[in-house]
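Indexing begins at 1, ligand by ligand and atom by atom, following the structure's order. Index from 1, following the sequence.
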Amino acid sequence: MNTVMLGCAEEDLIAAAKLIVSGEVVGFPTETVYGLGANAYDEAAVKKIFAAKGRPADNPLIVHICGLDMISGLAKDIPPLAYKLAERFWPGPLTMILPKSDKVPLVTSGGLDTVGIRFPSHPAARRLIELCGLPIAAPSANLSGSPSPTTSRRVYEDMNGRIPAIIDGGESAVGVESTVISLENGGVRILRPGGITKEMLQEICPVSIDDGVLKELGSGAVARSPGMKYKHYAPKADVKIVKGGLSKYREYVLDHAQSGDFCLLFSEKEAVEGVPFVLCGEDSAAQAHKLFEALRLLDERGAKTVFARCPETGGVGLAVYNRLLRAAGFCVVDLEG
Ligand code: AMP
Ligand code: MG
């Protein structure tokens, strides 16, 4: 299959919408990461997403909408809190898990009786959904297990020959996937942290953080957010998160680094003499924006072991730490304890 690159001009979005309406899969930009979209109601089309990614069938997709009127076809028994959250945070990087309507095929929800719904803010994503007149099921546009793509070039690298078209809409602004929440007892539980932070949600209702966010789930545990149980966001390199002040970090790296190893730093001022580095970003927002690209860059440069600085966990930093933990297979070297 030949993969065509499209832009965000109206005629390009019309061409992409025609592909989706006819049952095809298209790569498209959102403010979180790039997505692989298909008609959420079309079982055969959704199956093509799983095939293109090599994604396990029990890992559900997020359904993208362009207006609140689309929710009623997708979900049922919607609590008033969902509308309150939608009013405050949509369009934006928040996914709500709601009871699924019978119209949504089980392939889309990974066999669950719930469905994840999000209203993205990226103008091309919104226009694409509008032109389709359908909710679009879309996971991140990477091959299963790889870091999510934040540019169309990275989508092309993973999906060339697997899907008919990719829309280029520039770099994804947020850079990590949406915050996924479930609603319970008048509050919310964060299943996956993202651009809508715990602090922001707390302005509306009580918030708890699921165990799966910062801990490795035991083999018998049920993942409330199935994506969190897979080796995810992982580069080929062996990543270690090194927790401690800069001088301890440098000492550790100097003791352990071998040829082919890299540092993942927040600023070049942190460089360790003789060890090459890739930069992630100085504050949490910049780290979120750059993290997945940095992980892909490390692979491109053939990094063997990567010594990553440990990020702050407030605000969107919790999402950065959550993804980095998975990239590192939960390997944290704690020099503070
Ligand atoms: P991706 O778009 O590739 O980041 O994948 C979507 C992720 O959202 C999944 O891996 C799940 O972790 C989460 N998700 C989507 N739908 C549901 C659902 N119905 N229940 C729980 N988690 C969900
Ligand atoms: Mg993904």
Side-chain angles (χ1 to χ4, degrees), residues 25 27-38 40 46 49-65 71 74-78 82 93-101 103-120 122 125 135-150 154-155 158-159 172 174-184 188-196 209-213 217 221-235 288 291-292 295-296 319 322-323 326-327:
V25 176
F28 69 101
T30 84
E31 72 278 18
T32 58
V33 300
Y34 274 70
L36 272 191
V46 169
I49 296 179
F50 282 88
K53 280 181 67 86
R55 182 174 176 109
D58 65 350
N59 193 356
L61 309 184
I62 290 169
V63 179
H64 294 69
I65 60 173
I71 294 192
L74 295 166
K76 59 184 182 194
D77 307 328
I78 303 166
L94 180 72
T95 297
M96 288 192 242
I97 308 297
L98 296 168
K100 172 181 104 52
S101 85
K103 258 181 91 181
V104 178
L106 283 167
V107 269
T108 301
S109 68
L112 300 172
D113 56 7
T114 53
V115 59
I117 303 180
R118 179 166 107 79
F119 181 170
H122 193 294
I136 295 183
S140 52
N142 50 289
L143 288 172
S144 193
S146 292
S148 297
T150 54
R154 296 301 187 190
V155 180
D158 280 16
M159 292 297 148
S172 295
V174 180
V176 289
E177 305 86 343
S178 59
T179 305
V180 177
I181 57 168
S182 60
L183 284 69
E184 46 195 60
V188 302
R189 179 196 286 265
I190 296 180
L191 306 183
R192 176 177 79 180
I196 300 300
I209 295 186
D210 192 69
D211 273 354
V213 168
L217 290 168
V222 176
R224 285 202 176 83
S225 179
M228 295 273 110
K229 79 182 172 197
Y230 293 104
K231 184 174 154 76
H232 221 92
Y233 317 110
L291 178 66
F292 288 138
L295 294 176
R296 284 183 177 244
N322 168 272
R323 306 309 191 274
R326 279 159 180 82

Margin query: Tell me the contacting part of R192 for ligand 1: side chain, backbone, both, or neither, using a 4.0 Å heavy-atom threshold, strictly below.
Written below: side chain
Item checked: Residue portion contacting ligand 1 (non-hydrogen atoms closer than 4.0 Å) for H64 -> neither
Quick check on contacts: which atoms of ligand 1 are under 4.0 angstrom from a heavy atom of [X]?
X: I62; result: 6 (C), 8 (O), 15 (C)
X: L112; result: 18 (C), 19 (N), 20 (N)
X: S140; result: 1 (P), 2 (O), 3 (O)
X: T114; result: 18 (C), 19 (N), 20 (N)
X: E177; result: 4 (O)

Can you find a pair of side-chain heavy atoms, one from [X] and one from [Y], that are under 4.5 Å apart?
X: L295; Y: R323; answer: no
X: D210; Y: R189; answer: yes
X: E177; Y: P93; answer: no

Checklist line | Option of least heavy-atom distance to atom 2 (O) of ligand 1 (set: S144, P139, A137, G116) | finding: P139
Note to self: Tell me whether D113 is salt-bridged to K76, with the criterion being a basic N under 4.0 Å from an acidic carboxylate O.
What the structure shows: no
Next item on the list: Look only at the side chain of E31 and the backbone of H122, and say whether a donor-acceptor pair between them is shorter than 3.5 Å.
Entry: yes
Item checked: Sub-3.5 Å N/O-N/O distance, N59 and ligand 1 -> yes
Notebook entry, point to check: Can you name the residues that form a ring pair (Phe, Tyr, Trp, His ring centres under 6.0 Å) with F119, not counting sequence neighbours?
Noted result: none
Next item on the list: Taking side chain to side chain donor-acceptor pair (under 3.5 Å) as the test, write out the residues that go with T32, two or more places apart.
Entry: T30, R118
Notebook entry, point to check: R296 pairs by side-chain hydrogen bond (donor to acceptor under 3.5 Å, both in side chains) with which of T150, D158, N142?
Noted result: D158
Checklist line | N/O/S from S140 sitting under 2.8 Å away from the Mg ion (ligand 2) | finding: yes
Check: For K100, is the nearest heavy atom under 4.0 Å from an atom of ligand 1?
Finding: no
